[in-house]
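This report refers to the structure that appears directly beneath it.
Reckoned from all heavy atoms, side chains included, excluding hydrogens, waters and symmetry mates.
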There are 2 protein chains.
Amino acid sequence: MSQLTSTHEKVGYLPGSKPSTHTAFTAASGIENAVRMLEGRWKLVILFNLFGGRLMRFSDLERAIPDISQKMLIQQLRQMEADGIVTRLVHHQVPPKVEYGLTAWGQSLCPALDALLTWAEARPASPDAQ
Amino acid sequence: MSQLTSTHEKVGYLPGSKPSTHTAFTAASGIENAVRMLEGRWKLVILFNLFGGRLMRFSDLERAIPDISQKMLIQQLRQMEADGIVTRLVHHQVPPKVEYGLTAWGQSLCPALDALLTWAEARPASPDAQ
DNA sequence: CCGCATCCAACGAGATACTG
DNA sequence: CAGTATCTCGTTGGATGCGG
């Protein structure tokens, strides 16, 4: 279910003709929301460690991402939790144990990121004059 | 040609088993490059005004995006030009005339953004405990 | 018309130290 | 173990004014 056309032809969300659900501005702001959730120095790295559906403890993530500080790790996790991307599961134990995972919606980010990765790697080496 | 699996099953880029071309870190950094090019307050709005393959003058873009400052417009355009996403065509005239458009690679961003938009709009209203 | 330079405020993110 | 608190700094983006 594609909302934007991917061709070089005229597209449906252009101002003037809006047969589709989106104008240039609504489409942009919708994607901006997505990009905002993905911004942040570490979010994608965290996400990729969580893809696959397994749960990881705070300390697991710390080990998996050596250069991250505790502050950044918790901050980015909490933001993604607030965004509905990651789940936070607290086990009331001594010592404490908290596991992080992905929501179903978070999992569904995977194909979109795949598209982005494919695009990024298709970058031509030499500048192409259109 | 998908490089990441989109299922909830085990995925190929996970540490330990790397039959695919990507580890969690190379995949993340590849996408980070893409996200970095899309960050910036106005880049997506500019992009959407350029999709469709038509050329737009500097002043056209200024009019199309009322709240943007000249500094921001030129800055984001130049960055995207450096990234190989937009083209810059200078007509040596009096008064000056410069037209901006998308490279072929820039055009090919469209489906990837579409995937992101579809994902963003699929966000569940209520928090879903996975 | 198109763009550059400068100054400034706001925010993101790292380092470090401390707590339940 | 899993956080919180504070400080600092680099970067981003806005406003304004000048130049080819």
key: A:Leu50 side, atom CG; A:Lys43 side, atom NZ - distance, nearest 0.5 Å   = 13.5 Å
key: Set of residues satisfying ring-ring contact (aromatic ring centres under 6.0 Å, His included) with respect to B:Trp42, sequence neighbours excluded   = none
key: B:Trp119 backbone acceptor or donor facing A:Trp105 side chain under 3.5 Å   = yes
ask   = Backbone N or O of A:Val86 within a donor-acceptor pair of the A:Thr103 side chain at under 3.5 Å?
value = no
remark   = With sequence neighbours left out, the residues meeting side chain to side chain contact (heavy atoms under 4.5 Å, CB included) with A:Ala64 are A:Asn49, A:Met56
inquiry  = Applying salt bridge (charged side-chain N to carboxylate O under 4.0 Å, His left out), can you list everything that pairs with B:Arg88, at least two apart in sequence or on another chain?
reply    = none
message = Mind checking if B:Gln76 touches a base, just sugar-phosphate, or nothing, with heavy atoms under 4.0 Å?
response = sugar-phosphate
ask   = Quick one, which residues of residues 56-64 of chain A touch DNA chain C with a heavy atom under 4.0 Å?
value = none
query = Tell me, which pairs form a salt bridge (charged side-chain N to carboxylate O under 4.0 Å, His left out) where one or both residues lie in residues 65-87 of chain B, sequence neighbours left out?
reply = B:Arg78-B:Glu81
Check nucleotides 14-20 of chain D for protein N or O atoms closer than 3.5 Å to its own N or O atoms and list the pairs.
unit_1, atom_1, unit_2, atom_2, d
D:dG14, OP2, B:Trp42, NE1, 3.1
D:dG14, N7, B:Lys71, NZ, 3.0
D:dG14, O6, B:Lys71, NZ, 2.2

ask   = Does B:Tyr100 place a side-chain N or O at less than 4.0 Å from the phosphate oxygens OP1/OP2 of C:dC2?
value = no
query = Looking at A:Arg78, does any N or O in its side chain come under 4.0 Å of the phosphate oxygens OP1/OP2 on D:dG3?
reply = yes
request  = With axes from five pairs an end, tell me the bend angle of the helix from C:dC1-D:dG20 to C:dG20-D:dC1, nearest 10°.
outcome  = 40°
task = Over 60° means perpendicular and under 30° means parallel, so classify the ring planes of B:Phe58 and B:Tyr100, tilted if in between.
result = tilted
request  = Sequence neighbours left out, what pairs pass salt bridge (charged side-chain N to carboxylate O under 4.0 Å, His left out) with at least one residue falling in residues 24-41 of chain A?
outcome  = none
query = Can you name the side chain to side chain contact (heavy atoms under 4.5 Å, CB included) partners of B:His91, sequence neighbours left out?
reply = B:Leu89, B:Gln93, B:Lys97, B:Glu99
